[in-house]
Amino acid sequence: MTNFSFQASREWWSQRWLDLLDSYRFKKRLERARNYARQGNVLSIEFEGAKVSARVQGTEPEPYQVSLFLEPFTDEQWGYVIETMSQRAIFAAKLLAGEMPPNIEEVFTANGLSLFPFTLSEVRSKCSCPDKANPCKHIGAVYYQLGDRFSEDPFVLFQLRGRTKNQIIDALREFRSAHQKEVVSTEPAPISSTLETTSTNTSASFWQYQEPLDPNLVVIAPSTSSDVLETLGAIPLSHDLADDSDANSSDVLMNYLDTAYKQVAQQAFLAAMNATAN
């Protein structure tokens, strides 16, 4: 019922405002208020700080004077709210672009506040008409017109809570600027040229070592017998020493020497290890 012809589509924050009015139980009065808003009976709407003053044409020749306001937040409360906004980049970016973030209410609830009124009784309104009911159709017409204003400029809703668009934008920029300076001041100092020189010298002398090695770290492994015997080659035996009945006498001697070399090498290695341990 709130989507009447001259404003067919509304932003979510504007619709939240109108849903509050639609909770009013006197539906006939709301219908007359919508007709007043649709037919242009709201002649003017002006802001005086956080207070709205409007002129609404009724059945009398002289327009009725309507005033409307919400309970504004204190300076301290707004300080907390704007600081919280500045910590969320998406909030600051959208507000600076003239948009209302979808979850903007989280900023206020985090500080124990509510951007939107919970009931109509929280919206203080007054009309110069003789109707004793509140809201009357003139006040209702101003409600609907404010919904359109909210769609065009979401900062109007903030103004009802005590802060203008320029005040909020300036405060957001101030908080973000202070935060950026704080980040810069906490960045680590640049690496000194001395460290760069030391690094260059170290790389140049990396493979040089002037101190003697610890002898305990040096182990000399003996050559294996097979290496020595392969280097010497086959032993040339004279015909006098060779046994004609055994053509492989040279191989037998090489096998004997291989076994002897292994035993001697093992004993020498063990002796060297015991001397190092002592």
Side-chain angles (χ1 to χ4, degrees), residues 1-75 77-78 81 100 104-105 108-109 111-165 167-168:
M1 292 183 64
T2 56
N3 295 330
F4 38 91
S5 60
F6 67 87
Q7 182 64 44
S9 61
R10 297 182 182 281
E11 304 291 351
W12 69 265
W13 58 90
S14 175
Q15 191 60 51
R16 278 286 301 275
W17 172 262
L18 295 179
D19 287 344
L20 181 67
L21 182 60
D22 279 349
S23 66
Y24 189 53
R25 59 193 179 96
F26 296 103
K27 303 303 181 183
K28 292 290 186 180
R29 185 169 293 159
L30 289 182
E31 184 62 33
R32 289 194 293 269
R34 279 193 292 270
N35 289 334
Y36 267 42
R38 184 187 301 117
Q39 295 166 5
N41 287 49
V42 180
L43 304 180
S44 66
I45 294 180
E46 296 179 355
F47 281 88
E48 301 173 0
K51 182 179 179 182
V52 177
S53 295
R55 295 168 59 246
V56 182
Q57 185 65 60
T59 55
E60 299 294 327
E62 187 69 21
Y64 295 113
Q65 302 295 322
V66 174
S67 64
L68 181 151
F69 67 95
L70 300 178
E71 190 69 30
F73 300 145
T74 65
D75 292 342
Q77 289 171 331
W78 266 114
V81 167
M100 182 79 81
I104 188 66
E105 290 177 280
F108 293 87
T109 56
N111 293 280
L113 302 170
S114 176
L115 176 60
F116 295 93
F118 290 108
T119 63
L120 278 177
S121 61
E122 295 181 45
V123 183
R124 313 294 176 81
S125 56
K126 185 173 64 174
C127 181
S128 62
C129 75
D131 193 346
K132 301 299 182 183
N134 193 334
C136 64
K137 57 181 175 289
H138 312 106
I139 293 174
V142 175
Y143 266 93
Y144 285 117
Q145 284 290 337
L146 282 176
D148 291 340
R149 290 290 186 93
F150 295 159
S151 290
E152 297 169 1
D153 184 1
F155 287 93
V156 173
L157 184 57
F158 294 140
Q159 189 164 346
L160 288 177
R161 290 298 193 181
R163 281 295 183 274
T164 65
K165 179 177 181 178
Q167 287 174 323
I168 291 176

Rounding to 0.5 Å, atoms CG (Asp148) and CG (Leu18) come to a distance of 7.5 Å
Applying ring pair (Phe, Tyr, Trp, His ring centres under 6.0 Å) to Tyr36 and not counting sequence neighbours gives His138
| task | Could you check if a side-chain atom of Asp75 sits within less than 4.5 angstrom of a side-chain atom of Arg163, using non-hydrogen atoms only? | result | yes
I want to check something: taking the side chain as every heavy atom from C-beta on, are Met100 and Trp12 in contact at a cut-off of under 4.5 Å? yes
dist Tyr64:OH -> Ile139:CD1 (nearest 0.5 Å) comes out at 12.5 Å
Taken to the nearest 0.5 Å, the spacing of Asp153 CG from Ser14 OG works out to 12.0 Å
>> Does any part of the side chain of Leu113, heavy atoms only, come nearer than 4.5 Å to the side chain of Phe73, both counted from C-beta?
In response: yes
Hey, are the side chains of Arg161 and Leu70 touching, using non-hydrogen atoms and a 4.5 Å cut-off?
yes
Per ring pair (Phe, Tyr, Trp, His ring centres under 6.0 Å), Phe150 is matched among Tyr144, Trp17, Phe116 by Trp17
TODO: Take Trp13 and Leu115 through the test side chain to side chain contact (heavy atoms under 4.5 Å, CB included) and record every step on the way to the result.
DONE: CA-CA 10 Å; Trp13 58 90; Leu115 176 60; over 6 Å; no
Does any N or O in the side chain of Ser125 come within less than 3.5 Å of the main-chain N or O of Leu68, such that one atom is a donor and the other an acceptor?
no
Salt bridge (charged side-chain N to carboxylate O under 4.0 Å, His left out) pairs touching residues 117-126, sequence neighbours excluded, are Glu71-Arg124
Rounded to the nearest 0.5 Å, the CZ atom of Phe47 sits from the CG atom of Leu160 at a distance of 5.0 Å
>> Please determine whether a side-chain nitrogen of the Lys or Arg among Lys28 and Glu31 lies less than 4.0 Å from a carboxylate oxygen of the Asp or Glu.
In response: no
The side chain to side chain contact (heavy atoms under 4.5 Å, CB included) partners of Asp131 (sequence neighbours excluded) come to Arg29, Cys129, Ala133, Cys136
#### Entry: Evaluation steps, side chain to side chain contact (heavy atoms under 4.5 Å, CB included), between Gln159 and Arg149
CA-CA 12 Å; Gln159 189 164 346; Arg149 290 290 186 93; over 6 Å; no
Any side-chain to backbone donor/acceptor pair from Asn41 onto Val56? Under 3.5 Å, distance only. no
Report yes if some heavy atom in the side chain of Leu20 is under 4.5 Å from a heavy atom in the side chain of Phe118; otherwise report no.
no
**Gln57 (side chain) donor-acceptor with Glu60 (main chain) under 3.5 angstrom** = yes
Checklist entry - Does a side chain donor of either Asn35 or Arg32 reach within less than 3.5 Å of an acceptor in the other side chain? => result no
